[in-house]
Amino acid sequence: MSLRIERRALAVGALLVLAAFVMAVLLIGTGDFDIAPWDVVQTLFGNGTPANDFIVNDLRLPRVLVALLVGAALGMAGAVFQSVTRNPLGSPDLLGFSYGSAVGALVVIILLKGSATEVAAGALIGGLLAGAAVYLLAYKRGIHGYRLVLVGIGASAVLVAVIQYLITKAQLVEASRAMVWLTGSLAGRDWAQVWPLLVTCAVLFPLVLGQSRALRMIEMGDDAAYAVGVRVERTRLLLMLAAILLTTAASAAAGPISFVALAAPQLARRLTRSPGANLLTAALMGSVVLLLLSDWASQRAFGADQLPVGVVTGLVGGVYLLWLLVTERKAGRI
């Protein structure tokens, strides 16, 4: 296990951590009852009024923590998938894992009439099953990046059809609940969503970071990785399993928030100008730039109409995907 940190990447990471704290304070103070940033900080350190303490610690802090953890989980998962596939389009959104979580959640919502906890469990199981199916279908004497992407795109099309079928079978109440979940939202998130996601990230982040050197070797090609002693298939399977778990845990907590896993690693790489997966920077980028800023925009940028955060990330991510496709085409890679 080893971890290499470059100076520019360290500086970018430090700035993103500072930005995360600033954005978190601003978001906690944002709402029907605005709280000044200094009062938010005092309340977080235990010196606030009883009213502020209830609003900050019981109502708004869990939502912000879920945003931070979901963004970090999706950012790191996207970095892993893009490195494993050696393809900037290698993302849980395009490989079908997020849609697998959506199918699992909708089965619980529409067919089983389950509770919020059961919906989260269904999303986790659905994402894991989709990940296993895509991996097995793409496996042929190893995993090739473009084959994995193509199988994932095909699986996504099938899963989208299943989602549409389930919605047509739903009653009005269940259909409304399903559409809210499919959009991806941080509204109403509490400590029940924070703790499972926090434990998942606490276990999987060190595991993924410990394989960062092997992941960098895999990016150079399987032959080069074998030459320096990397157990390629074992490492690839371990990293993909960790990334799938991070993706499904994030979807279980906030729904399938789109394009964060696609954009965060590429934005991180452009900021650090460093080769490799940039795992930590991608996680911070997913938290700060894509989740916290999108959540702030969803509450502030549209007047009285608050949008689910998934709508904002979809708008930003769609523009980014078009730009990425044009860039890759000009470079002759697609």
task = Using the test side-chain hydrogen bond (donor to acceptor under 3.5 Å, both in side chains), find all partners of Ser185 that sit at least two apart in sequence or belong to another chain.
result = none
ask   = What distance do Trp195 atom CH2 and Thr200 atom OG1 have between them, rounded to the nearest 0.5 Å?
value = 13.0 Å
ask   = Which atom pair, heavy atoms only, marks the closest approach of Gln82 to Ala261?
value = NE2-O, 3.6 Å
ask   = Would you say Trp191 and Phe54 are hydrophobically clustered, going by side-chain heavy atoms of ILVMFWY under 4.5 Å?
value = yes
Distance-minimising heavy-atom pair for Val56 and Leu44 = CG1-CD2, 3.7 Å
task = List the steps and the verdict of side-chain contact (heavy atoms from CB on, under 4.5 Å) for Leu241 and Tyr135.
result = CA-CA 10 Å; Leu241 178 60; Tyr135 184 87; over 6 Å; no
key: Exercise: identify the closest heavy-atom pair between Leu95 and Val149   = CD2-CA, 3.6 Å
ask   = Looking at Ile28, Val40, Asn57, Ile35, which one forms a side-chain contact (heavy atoms from CB on, under 4.5 Å) with Asn52?
value = Ile35
message = Measuring from atom CD1 of Ile110 to atom OH of Tyr165, what distance do you get when rounded to the nearest 0.5 angstrom?
response = 10.5 Å
Spatial distance of atom CG (Leu204) from atom CE (Met76) [nearest 0.5 Å] = 9.5 Å
ask   = Could you give the distance from CG (Leu279) to CZ (Arg216), rounded to the nearest 0.5 Å?
value = 11.0 Å
query = Are there more than 12 heavy atoms of other residues, nucleotides or ligands under 6.0 Å from atom NZ of Lys113?
reply = yes
note = Minimal heavy-atom distance between Gly100 and Ala130, with the atoms involved, is CA-CB, 3.7 Å
remark   = In this structure, OG of Ser298 is separated from CG of Leu186 (nearest 0.5 Å) by 7.5 Å
request  = Answer yes or no: is there a donor N or O on one side and an acceptor on the other, between the side chain of Arg189 and the main chain of Ala253, under 3.5 Å?
outcome  = yes
Ile163 and its side-chain contact (heavy atoms from CB on, under 4.5 Å) partner, picked from Thr168, Val158, Leu182 = Leu182
